[in-house]
Amino acid sequence: MNVLLDYLPQFRDGFLGTLAITGASAVIALVLGVVIAGFRVSPIPPLRAFGTAWVALLRNTPLTLLFLVATFVVPELLFRGASPFVLAMLALGCYTSSFVCEAVRSGISTVPVGQAEAARSLGMTFGQTLRMIVLPQATRTVLQPLSSIFIALTKNSAIAGAFSVTELFGVAKLLSDKGYAIALIFLWVALAYLIITFAISGVFRLLERRMAVVR
Amino acid sequence: MSEVSVTKNDEGPAPTGDPLVVLDNVNKHFGALHVLQDIDLTIHRGEVVVVIGPSGSGKSTLCRTINRLETVDSGGITIDGKPLPQEGRELARLRADVGMVFQSFNLFAHKTVLENVMLGQLKVRRKDRASAAKRARELLDRVGVGTQADKYPAQLSGGQQQRVAIARALAMDPKVMLFDEPTSALDPEMINEVLDVMQQLARDGMTMVVVTHEMGFARSAANRVVFMADGRIVEEAEPNQFFTNPRSDRAKDFLSKILHH
Ligand SMILES: Nc1ncnc2c1ncn2[C@@H]1O[C@H](COP(=O)(O)OP(=O)(O)OP(=O)(O)O)[C@@H](O)[C@H]1O
Ligand SMILES: [Mg+2]
């Protein structure tokens, strides 16, 4: 008998679960990461301090610890009764946002400082300057590291399985507990991860090519 | 030095407009370096002031403090009677009234020439697209790059880029224009096309602060020359007098160096 065919619905749910948790966390990480990067280069000291603390805290904490905090501490304080999916999404999203932030920040630093000075001397606010002048020009250099960050996020999402989120790795564990040959299960699971990560690098390569054409 | 063959914009002495930019006892340090020392300078409406001086004397810094791209340690700066506010919306509003032209052009690389000249009008002056585009094309024609409107900055020559940068600043209808060595990054054959535009601006009565080593421009367009050395204003004079008969030894020394090679 074939474990993949016998348990196709479970594999499918796991695949979709991994896709969902990765996608949702990626959106959170991207939005938060860009905003926090804005904080880190802002002229307002408290915002800068917040940004620095955010990155220092999240980037240097083991992800598993963040998951523990998200599932056991956060519901007590903030989101009473939030689903494991939402909590896992928060943990992964916040964790990954610190890496996105640093990638965006290093992208910002590749934009010549004269660009921002010209914008400010026209009377554009800091926010306008960042949004309309600096970030668009930083995008190209940010794409490459962003692609790696999202691939890492895909693989990190496996931890969510241990916290009762349905995803690929959890399915693998479930089936191996039932006594199926581990090697075969892992082969299918690995293949599923590969599909996602290859799709991510493909999309980013496409984006990079598109941007190269523009200028 | 390239000479510009244009007549002087007025015969009389310094114009008598009211004070537009006033620096009062301004001091600034970069670490231990005292780059601006007790600077007092008043620029009147309609006046063209050329700032010259040796490298590192603080000319760029002076220019940049006027729209607060550099903060000062002490002293006051007012523009049209209003003191420069802290960083924020109000400062942004004030900066919109002060045009700035950089040595390295600093055109927005990801936007076309036309978009460069429209952006401030749209986002700062909140004009509608049609009138912003109309005004942008007018200004581009005026500086002689109307046919380049849809190109990106990198596709233009240095002289063309700098003229676009001037148009971009003019699009805000500034009260005063600051130029920080606008021709120093240009090949010699492009210097005059930029100076011509600046001459025309001066003749039209724009208030201008120009850091430059173009003596031809200073002689023909400036009402006043301010000579800086080591962070101080050493000498201020009407151009002819400054170039033919400088009072300070520093100025004599500097002029002999730049005029004799
Ligand atoms: N951001 C900065 N940090 C530290 N020192 C600076 C900075 N900007 C300028 N300086 C120093 O301040 C002094 C004055 O600089 P400034 O650029 O105003 O001179 P300048 O008269 O414009 O010279 P140049 O003719 O070379 O452009 C120089 O010694 C310079 O090295
Ligand atoms: Mg300078």
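Letters A, B, ... mirror the listed sequences (proteins, then strands); counts begin at 1.
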Under 6.0 Å from the [atom1] atom of [X], do we count more than 12 heavy atoms belonging to anything else shown?
| X | atom1 | result |
| --- | --- | --- |
| A/K173 | NZ | no |
| B/K28 | NZ | yes |
| B/F30 | CZ | yes |
| A/R48 | CZ | yes |
| A/W54 | CH2 | yes |
| A/Y193 | OH | yes |

Under a 4.5 Å cutoff for heavy-atom pairs, which residue among B/K123, B/Q155, B/M172 has the most contacts with chain A?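 Counting heavy-atom pairs under 4.5 Å, the top option is B/K123.
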Closest-packed option against chain A by number of heavy-atom pairs under 4.5 Å, given B/N67, B/V98, B/L107, B/L94: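 Most heavy-atom pairs under 4.5 Å with chain A: B/L107.
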Tell me, for B/R168 versus chain A, whether the close heavy atoms (under 4.5 Å) come from the side chain, the backbone, both or neither.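 It is both, since atoms from each part get that close.
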Given heavy-atom pairs under 4.5 angstrom as the criterion, report whether the side chain, backbone, both or neither of B/F102 touches chain A.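 Answer is side chain: those atoms of B/F102 sit under 4.5 Å from chain A.
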Quick one: which residues of residues 118-136 of chain A reach chain B at under 4.5 angstrom, heavy atoms only?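 Those residues of residues 118-136 of chain A which have a heavy atom under 4.5 Å from chain B are A/A118, A/A119, A/R120, A/S121, A/L122, A/G123, A/M124, A/T125, A/Q128, A/M132, A/I133, A/P136.
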Can you pull out the residues in residues 126-151 of chain B with any heavy atom less than 4.5 Å from chain A?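 Heavy-atom contacts from residues 126-151 of chain B to chain A are B/R126.
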